[in-house]
A.B. asks: 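For reference, the structure I am asking about is given below.
None of the values given here were measured: they were computed from a predicted structure. Residue numbering restarts at 1 for every chain, and letters A, B, ... go by the order of the sequence lines.
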Number of protein chains: 2
Amino acid sequence: MSLRIALLGLLTVTGPSSGYDLTKLFERSIGYAWQAGHSQIYPELNKMAAEGWVTVEQEGPRGRKSYAVTDAGALELRRWLLDKEPSRLYRDERLLRAFFLPTLEPHEAAALLRTEVEAHNAQLAHLEALRDDRERKEAGFGDYALDLGIRKTQTVCDWAADTAATIEESAGEARP
Amino acid sequence: MSLRIALLGLLTVTGPSSGYDLTKLFERSIGYAWQAGHSQIYPELNKMAAEGWVTVEQEGPRGRKSYAVTDAGALELRRWLLDKEPSRLYRDERLLRAFFLPTLEPHEAAALLRTEVEAHNAQLAHLEALRDDRERKEAGFGDYALDLGIRKTQTVCDWAADTAATIEESAGEARP
DNA sequence: CTAAACATGTAAACGGTTACATGATTCG
DNA sequence: CGAATCATGTAACCGTTTACATGTTTAG
C-alpha cells in the first residue's frame, strides 16, 4: 500500500511524471522514509492505471510514459493521510542494532557508536546544506519532512555520542 | 536477514527460549524496531537450526522446544553488528506521511499533526514509565535502545507541535 | 561512433502478512 | 468441563530485491 501512496504523493506534488522520473525522485526525496526501485515502480504504475488511480497523460520519445493522478487517486491519497489507523509500519535496522550493543565488548560497542556519530554528522551536514540551499530559492516539496529528518538525525547523533561516553566511562571504572 | 539477527540477539541476551517466548518478547521489546509474528519465527528457527546457528537445547511439555545460540550463530550476530555496511534498511510510514502533508488543506494538516502530538505524548509517557520502572530494579536488556526510543519520540513530538504551529500561523496570515 | 543517460519492462527468489489448522495444559 | 493460554506448525498471498533483458537518444 505504501508504495502506491508514495507514488500518488509524488505525482501530486510534482505534477505529471514518468516512471523513470519517479524512480530518481524517490531516491532523492522520500528515500529517507521508503525505498523502491524501478522494477517495483513500473509495474505498480501500470496496476494503478488499470484501476483508474492514475492515467497515462502522454507518451514521449524513447517509450516515455507520463502519468498523472486521477480524482479517484487523489481521493485514495487523502484517505490514507487522514485515516488515523494506529498501524503505521516502522522498521529500523540501526535501532535493532542498538538493542544488541550489550552483546559486544564495551570497547567494541563504543567504537561502533563513534563511527555512528561520524556518519550522522556527515548526514546532518548534507541535510542542512540541502535546506539552506532551498531557503534561498522558494520553498519546495518536502520542507516539513526535511526539518523532521534533520531533527531526527541530530537526536540519533547525540544519543550515539552520549551512549559511547557512558560505555567508556563504566568500562574505565571496571579497570582502574 | 534482520529477522535472524533479531532472534539470535534475543536468544543471546535472554538465554535459551522457545519460539513462543521469542514471539512474545519480540512484541514487548524490539517490536519498536522490527515486527514479526509466530508464523515467521517458527520456520526461521527451524532453518537456523538446520544451518547450525542455533540448537534445540531441550524439548518440554506441549511440544515446547527451547533454542540456544551456537558458536557459529554468535559469530554471525557479531559480524552483522560490526560490519559497517552503509545499507541499513529504514522504513517509516509516519515520515512518509510528513512528506505529503502539503497536499492537504492547512487546517487538515494542522489537525493531523495535533493528533500526532497527542499520540507521541502518550507513547512517551509509556516509554518513560518503562524506564523509571526498570531503574529501580537492575539494568536490563535494551536500556540503550529504550533511551534512543525516548529521545526520538520526544523529537518527533516537538516537530509535530512546531510544524502545526507554523502551518496555523501562515494560514492565519492568509485570511486576516 | 561510442559511451552515458534515458526509458521500460520481466522473472526468480526472498521476505513478510494473514488465515487456516491442530493439539496440550492449566485454572476456575 | 470449558475457557484461556501455551505451543507449534503450514499455505496462500502479497511486497520487495536482485538480476536479466531490451531498445532509444544525446553528448562528446
A.B. asks: Can you check the B/Tyr42 OH to C/dT17 P distance for me, whole Å?
C.D. replies: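 About 17 Å, once rounded to whole Å.
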
A.B. asks: Specify the separation, in whole Å, of atom CG of A/Asn46 and atom P of D/dG15.
C.D. replies: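 Value for this atom pair: 15 Å.
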
A.B. asks: Salt bridge check, A/Asp21 against A/Arg64: does any charged N sit closer than 4.0 Å to a carboxylate O?
C.D. replies: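 Counted as a salt bridge, because a side-chain N and a carboxylate O are separated by less than 4.0 Å.
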
A.B. asks: Could you check how far CG of A/Leu22 sits from P of C/dG9, rounded to whole Å?
C.D. replies: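 That distance rounds to 12 Å.
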
A.B. asks: Pairing donors with acceptors under 3.5 angstrom, does anything connect the side chains of B/Gln123 and B/Thr153?
C.D. replies: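 Looking only at side-chain atoms, B/Thr153 and B/Gln123 do not form any donor-acceptor pair under 3.5 Å.
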
A.B. asks: Taking protein heavy atoms under 4.0 Å as touching, what does nucleotides 16-25 of chain D look like 5' to 3' if B marks base contact, S marks sugar-phosphate-only contact and - marks none?
C.D. replies: SBBB----BB

A.B. asks: With a 4.5 Å limit on heavy-atom distance, are the side chains of B/Arg91 and A/Asp92 in contact?
C.D. replies: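 No, every pair of side-chain atoms sits at 4.5 Å or beyond.
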
A.B. asks: Can you list every pair that meets ring-ring contact (aromatic ring centres under 6.0 Å, His included) and has a residue in residues 94-127 of chain B, with sequence neighbours left out?
C.D. replies: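 Of all non-adjacent pairs touching residues 94-127 of chain B, those that pass ring-ring contact (aromatic ring centres under 6.0 Å, His included) are A/Phe141-B/Phe99.
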
A.B. asks: To the nearest Å, give me how far apart CD (B/Glu44) and P (D/dG9) are.
C.D. replies: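 So the two atoms are 13 Å apart, to the nearest Å.
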
A.B. asks: Could you state the CG-P distance from A/Leu7 to C/dT8, rounded to the nearest angstrom?
C.D. replies: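 To the nearest whole Å, that distance equals 13 Å.
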
A.B. asks: Rounded off to whole Å, could you give me the CG-to-C1' distance for the A/Leu25 and C/dC6 pair?
C.D. replies: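 Those two atoms, CG and C1', are 16 Å apart.
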
A.B. asks: Check the side chains of B/Glu93 and A/Ser2 for a donor-acceptor pair under 3.5 angstrom, ignoring hydrogens and angles.
C.D. replies: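 Yes.
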
A.B. asks: With a 4.5 Å limit on heavy-atom distance, are the side chains of A/Ile150 and A/Leu146 in contact?
C.D. replies: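 They are in side-chain contact.
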
A.B. asks: Which angle, to the nearest 10 degrees, lies between the helix axes at the two ends of the helix from C/dC1-D/dG28 to C/dG28-D/dC1, each defined by five pairs?
C.D. replies: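 If I round to tens, the end axes sit 20° apart.
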
A.B. asks: Just by distance, no angles: are the side chains of B/Asn46 and B/Tyr67 close enough, under 3.5 Å, to form a donor-acceptor pair?
C.D. replies: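 Judged by distance alone, the side chains do pair up.
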
A.B. asks: Between the side chains of B/Thr155 and A/Arg151, does any donor sit under 3.5 Å from an acceptor?
C.D. replies: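 Looking only at side-chain atoms, A/Arg151 and B/Thr155 do not form any donor-acceptor pair under 3.5 Å.
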
A.B. asks: Nearest whole angstrom, please: distance from the P of D/dT8 to the NZ of B/Lys24.
C.D. replies: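 Result: 11 Å.
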
A.B. asks: Using atom CD of B/Glu27 as one end and atom P of D/dT5 as the other, report the distance to the nearest whole Å.
C.D. replies: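 It works out to 13 Å between those atoms.
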
A.B. asks: Should B/Tyr20 be listed as having a side-chain N or O under 4.0 Å from OP1 or OP2 of D/dT8?
C.D. replies: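 Checking D/dT8 against B/Tyr20, no side-chain N or O comes under 4.0 Å of OP1 or OP2.
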
A.B. asks: Would you say A/Leu96 and B/Trp80 make side-chain contact, with heavy atoms under 4.5 Å?
C.D. replies: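 When only atoms from C-beta onward are counted, B/Trp80 and A/Leu96 do touch, with a gap below 4.5 Å.
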
